[in-house]
Amino acid sequence: MIQRMQTVWLLLATVSAFLTCKLSFFSGNIIGDDKIKVFSQLTASFNLILLVLTVILGSVSFLAIFLYKNRKLQLRITLAAILLSIVIPILYYMQAQKFVEGTYSITAVISILIPVLLILAARGINSDQKLVKSLDRLR
C-alpha cells in the first residue's frame with residue numbers, strides 16, 4: 001500500500017542498505033600480504049559477514065513493505081531489522097580498526113541513517129495498528 005508513510009521509510013531503508021554494498025564506510029591504508037600498505041575502502045562487500053547481513057537487512061526491509069495486511073508481523077520484522085541495522089555499524093567499526101590509517105567517509109552516514117528510517121517506519125506501523133484497534137472498538 002503506497003499511501004502509507006511507513007512504506008516510504010521502508011523503501012528508503014532498503015535502498016540505503018543496498019547502497020552500502022558499493023559506497024564506502026571507511027577509506028584508508030591496510031597492511032597487505034607483503035607487509036605493504038594498500039589503499040582500500042571498507043564497504044559491505046569488504047567482509048563476507050557484512051555483505052550477508054547487509055543483504056539480509058535490505059531484503060527484510062523490502063519484504064516488510066508487502067506485509068501491510070498483517071501489521072503485527074510487519075512490526076516484528078521491522079523491529080528485527082532495527083536490531084540488525086544497529087549491529088552492522090558496530091561490525092563496520094570493528095573492521096575499520098584493522099586499517100593502519102584512514103578516515104571515515106561521508107557515506108558512512110547512510111549506515112547510521114538506516115536505523116532511523118526503520119524506527120520511523122515502526123512508529124508508522126504502530127500508529128496504524130492503534131488506529132485500527134480504536135476503529136474496532138467503535139463498531
Side-chain angles (χ1 to χ4, degrees):
M1 181 180 272
I2 300 297
Q3 297 93 353
R4 297 175 33 191
M5 195 62 192
Q6 57 267 27
T7 302
V8 175
W9 299 130
L10 287 170
L11 186 63
L12 286 174
T14 301
V15 170
S16 298
F18 287 123
L19 277 176
T20 60
C21 291
K22 292 292 181 187
L23 299 176
S24 71
F25 183 84
F26 189 85
S27 300
N29 293 326
I30 192 167
I31 303 265
D33 295 332
D34 304 340
K35 303 285 184 186
I36 299 173
K37 291 182 181 179
V38 178
F39 180 78
S40 183
Q41 293 183 337
L42 177 61
T43 62
S45 58
F46 184 80
N47 186 350
L48 182 64
I49 295 171
L50 278 172
L51 180 63
V52 169
L53 290 178
T54 303
V55 169
I56 289 171
L57 175 64
S59 301
V60 165
S61 299
F62 188 69
L63 173 72
I65 294 172
F66 300 104
L67 295 174
Y68 59 89
K69 290 183 181 179
N70 190 351
R71 285 174 300 282
K72 191 178 278 190
L73 179 62
Q74 187 182 32
L75 184 61
R76 284 185 194 152
I77 287 178
T78 304
L79 291 176
I82 290 170
L83 291 176
L84 184 60
S85 69
I86 291 171
V87 168
I88 289 175
I90 294 170
L91 292 175
Y92 273 125
Y93 179 75
M94 290 171 50
Q95 288 295 318
Q97 298 303 313
K98 294 181 181 179
F99 284 76
V100 177
E101 56 191 21
T103 60
Y104 288 95
S105 302
I106 190 76
T107 54
V109 174
I110 294 174
S111 297
I112 299 166
L113 182 68
I114 295 171
V116 173
L117 293 170
L118 290 171
I119 288 170
L120 290 172
R123 285 182 57 199
I125 295 166
N126 196 26
S127 67
D128 275 1
Q129 185 70 12
K130 286 180 181 179
L131 179 67
V132 168
K133 282 183 180 180
S134 70
L135 290 176
D136 284 344
R137 263 186 266 137
L138 291 175
R139 288 184 197 178

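This chain uses plain numbering: 1 for the first residue, then up along the sequence.
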Q. Mind checking what makes side-chain hydrogen bond (donor to acceptor under 3.5 Å, both in side chains) contact with R76, not counting sequence neighbours?
A. none
Q. Just how far is it from atom CG of L63 to atom CG of L10, taken to the nearest 0.5 Å?
A. 10.0 Å
Q) Is it true that I90 and V109 fall in one hydrophobic cluster, defined by side-chain heavy atoms closer than 4.5 Å? A) no
Q.
Suppose we screen for side-chain contact (heavy atoms from CB on, under 4.5 Å). Which residues come up paired with L12, at least two apart in sequence or across chains?
A. V8, W9, L117
Q | Residue among V55, L50, L48, I49 satisfying side-chain contact (heavy atoms from CB on, under 4.5 Å) with V52 | A | L48
(Q) Counting C-beta onward and ignoring hydrogens, is there a side-chain heavy-atom pair between R71 and V132 closer than 4.5 Å? (A) yes
Q: Just jot down the side-chain hydrogen bond (donor to acceptor under 3.5 Å, both in side chains) partners of N126, sequence neighbours excluded, or say none.
A: none
(Q) Within the supplied structure, the quantity of interest is the number of heavy atoms (other residues, nucleotides, ligands) at a distance under 6.0 Å from I86 CD1; does it exceed 12? (A) yes
Q) Shared ILVMFWY cluster between F18 and I112, side chains joined below 4.5 angstrom? A) no
Q.
Working to the nearest 0.5 angstrom, can you tell me the gap between L57 CG and L84 CG?
A. 5.0 Å
Q: Please identify each residue that fulfils side-chain contact (heavy atoms from CB on, under 4.5 Å) with V87, with sequence neighbours left out.
A: L91
Q: May I ask you to list the residues sharing a hydrophobic cluster with L19, side-chain cutoff 4.5 Å, ordered by chain and number?
A: V15, L23, I110
Q: Using the side chain to side chain donor-acceptor pair (under 3.5 Å) rule, collect all pairs that involve residues 43-57, keeping only residues at least two apart or in two chains.
A: T43-S45
**Q.** S16 OG to I114 CD1 distance, which is reported to the nearest 0.5 Å
**A.** 5.5 Å
Q: Take atom CD1 of I106 as the centre, draw a 6.0 Å sphere, and report whether it contains more than 12 heavy atoms from other residues, nucleotides or ligands.
A: no
Q) Is L75 close to L79 at the side-chain level, that is, under 4.5 Å between some pair of heavy atoms? A) yes
**Q.** ILVMFWY network linking I88 to F62, side-chain heavy atoms under 4.5 angstrom
**A.** yes
Q: Please collect all ring-ring contact (aromatic ring centres under 6.0 Å, His included) contacts where either partner lies in residues 95-118, sequence neighbours excluded, each pair once.
A: F25-Y104, F26-F99, F26-Y104, F46-F99
(Q) For T103, give me all partners under side-chain contact (heavy atoms from CB on, under 4.5 Å), at least two apart in sequence or on another chain. (A) none
Q: With sequence neighbours excluded, tell me which residues meet side-chain hydrogen bond (donor to acceptor under 3.5 Å, both in side chains) with S40.
A: none
Q. Do you reckon L67 sits in the same ILVMFWY cluster as I65, going by side-chain contacts under 4.5 Å, direct or chained?
A. yes
Q. Would you say the side-chain atoms of T20 pair up with the backbone N or O of A17, donor to acceptor, closer than 3.5 Å?
A. yes
Q) Does the Q74 side chain pair with the main chain of A64, one donor and one acceptor, at a distance under 3.5 Å? A) yes
Q. Between CD1 of I125 and CD1 of I77, what distance do you get to the nearest 0.5 Å?
A. 9.5 Å
Q.
Quick check: closest heavy atoms across A81 and S61, and the distance to 0.1 Å?
A. CB-OG, 4.4 Å
Q: If you link ILVMFWY side chains whenever their heavy atoms are less than 4.5 Å apart, which other residues fall into the same cluster as I31? By chain and number, please.
A: V100
(Q) Once salt bridge (Lys or Arg N to Asp or Glu O under 4.0 Å) is applied, what residue pairs with a partner in residues 104-128 remain, sequence neighbours excluded? (A) R4-D128
Q. Taking all non-hydrogen atoms of both residues, which atom of S24 and which atom of S27 are closest, and how far apart?
A. OG-OG, 3.5 Å
Q.
For the OG atom of S134 and the CG atom of L131, what is their distance to the nearest 0.5 Å?
A. 5.0 Å
Q: Decide yes or no on side-chain contact (heavy atoms from CB on, under 4.5 Å) for L42 and Y92, but give the supporting numbers first.
A: CA-CA 8 Å; L42 177 61; Y92 273 125; 4.0 Å; yes
